[in-house]
*Asks:* 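Here it is: the structure, laid out below.
Indexing begins at 1, ligand by ligand and atom by atom, following the structure's order. What you are looking at is a predicted structure, and each value in this text was computed from that prediction instead of being measured.
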Amino acid sequence: MKIETPKIMVEDGVRLAPSILSADFARLGEQVAQAEEAGASRIHVDVMDGHFVPNISFGASIVQSIRPVTRLLLEIHLMISDPDFFLEQFVEAGGDSFLVHWEGNNNLYRTIRRIKELEKPVGVVIDPATPATVLQDILGEVNLVLVMTINPGFGGQRFLEMTVPKIRQVRQMIAEVNPNCELELDGGIDATTAPTGVAAGANVLVAGSAIFDDADGVAAGMKRLQQAINQVGTS
Ligand code: DX5
Ligand code: ZN
């Protein structure tokens, strides 16, 4: 079956954002360097507070540690209850961009403004149960939309197919309102699901376990994903 690839994919290519949540923290610098060498677009840093999501990960000190070992952008995915309080420390630690959730934020536009005041790109994140329509009024204000393709909190979960129509819908909205906005997916991305996400319109894919848990290593995990993505539109 021929899968139609949205035009923007062909022109810009699909970018990979390895999520260090699944990295071996004892070898973090080494694995980040391997991901960079293998063609990563940016490093995805999942910050969890045990309250916004039922898991705790790490804070700004991890950003400070990896900052000197890579030239890649460090993309900070904040899964915390009070993102506004922590923005500055992540910038000081070397964070380059922020992804903030629509859910649980009574003043999302304030958060977006604060990030812009810090002169950093900002993305808005929506969970699987959140409809694309909530993006309508802020789509013109953001650099990226991240559609969660799992429920946030843990790596290694299965890609939720129910998000696919929404990915298509968000791609359509972006094309109409803010064509330069990136569309990123996060959760359950592997060589099987990456083509589904790209065919639906995503141009940035986060992948944790598919890269850092690959039995053949980080470079092999990256290559498997890149090959799967390259097949979209050619099969
Ligand atoms: C989970 C995080 C993801 C996670 C993805 O809430 O936002 O970035 O690392 O892990 P995989 O790719 O293993 O599903
Ligand atoms: Zn994430």
Side-chain angles (χ1 to χ4, degrees), residues 14-25 28 31-32 35 38 40-60 62-63 66 72-81 83 86 90 95-105 121-130 142-164 167 182-198 202 204-215 217-218 220-226 228-229:
V14 176
R15 298 144 203 181
L16 289 178
S19 161
I20 58 167
L21 188 65
S22 291
D24 174 354
F25 296 148
L28 187 55
Q31 292 197 331
V32 166
S41 148
R42 65 201 74 177
I43 296 294
H44 183 88
V45 180
D46 289 297
V47 179
M48 305 179 184
D49 64 357
H51 182 70
F52 184 82
V53 286
N55 194 13
I56 297 173
S57 60
F58 37 66
I62 213 92
V63 173
I66 59 174
L72 294 178
L73 299 179
L74 302 178
E75 165 181 270
I76 316 297
H77 180 186
L78 292 174
M79 287 164 277
I80 60 178
S81 291
F86 295 92
F90 277 98
D96 293 298
S97 64
F98 290 96
L99 305 176
V100 289
H101 277 255
W102 179 86
E103 298 82 11
N105 192 332
V122 56
V124 62
V125 187
I126 51 172
D127 278 348
T130 303
V142 296
N143 305 97
L144 182 150
V145 173
L146 173 58
V147 174
M148 290 303 302
T149 43
I150 54 165
N151 288 306
F154 300 92
Q157 301 182 73
R158 280 174 61 114
F159 180 90
L160 294 170
E161 292 282 341
M162 56 80 85
T163 61
V164 172
I167 299 164
E182 293 186 300
L183 174 49
E184 185 171 31
L185 307 181
D186 186 4
I189 299 295
D190 59 21
T192 308
T193 57
T196 306
V198 170
V204 188
L205 302 177
V206 177
S209 50
I211 292 173
F212 293 104
D213 292 348
D214 191 296
V218 170
M222 289 279 297
K223 197 167 177 195
R224 259 187 259 283
L225 284 172
Q226 284 155 345
I229 290 163

*Asks:* Please list, in chain and residue-number order, the protein N/O/S atoms closer than 2.8 Å to the Zn ion (ligand 2).
*Replies:*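 Atoms qualifying: H44 NE2, D46 OD1, H77 ND1, D186 OD2.
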*Asks:* Mind listing the closest non-hydrogen atom pair of D46 and S19 along with its distance?
*Replies:* OD2-OG, 2.6 Å
*Asks:* Could you please provide the protein residues found below 4.0 Å of ligand 1 on a heavy-atom basis, arranged by chain and number?
*Replies:*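 Within 4.0 Å of ligand 1, the protein residues are S19, L21, H44, D46, M48, H77, M79, M148, I150, P152, G153, F154, G155, G156, D186, G187, G188, V206, A207, G208, S209.
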*Asks:* Could you report the tightest heavy-atom contact between I167 and A202, atom names first, then the distance?
*Replies:*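 That closest heavy-atom pairing would be CG2-N, 4.3 Å.
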*Asks:* Charged N to carboxylate O below 4.0 Å: is that the case for R15 and E75?
*Replies:*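 So R15 does not pair with E75 through a salt bridge.
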*Asks:* Contact between T130 and M148 at the side-chain level, heavy atoms closer than 4.5 Å - yes or no?
*Replies:* no
*Asks:* Tell me, with the steps shown, if S22 and D213 meet side-chain hydrogen bond (donor to acceptor under 3.5 Å, both in side chains).
*Replies:* CA-CA 7 Å; S22 291; D213 292 348; 4.6 Å; no
*Asks:* Give me the ring orientation class for F25 and F58: parallel if the planes are under 30° apart, tilted from 30 to 60°, perpendicular past 60°.
*Replies:* perpendicular
*Asks:* For D49, give me all partners under salt bridge (Lys or Arg N to Asp or Glu O under 4.0 Å), at least two apart in sequence or on another chain.
*Replies:*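 Once residues adjacent in sequence are excluded, D49 has no partner under the salt bridge (Lys or Arg N to Asp or Glu O under 4.0 Å) criterion.
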*Asks:* So which of V204, L205, I189, V206 actually passes side chain to side chain contact (heavy atoms under 4.5 Å, CB included) with L16?
*Replies:*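 With L16 as partner, side chain to side chain contact (heavy atoms under 4.5 Å, CB included) holds for just one option, L205.
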*Asks:* Under the salt bridge (Lys or Arg N to Asp or Glu O under 4.0 Å) test, which residues partner E184, sequence neighbours left out?
*Replies:*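 Not a single residue meets the salt bridge (Lys or Arg N to Asp or Glu O under 4.0 Å) criterion with E184.
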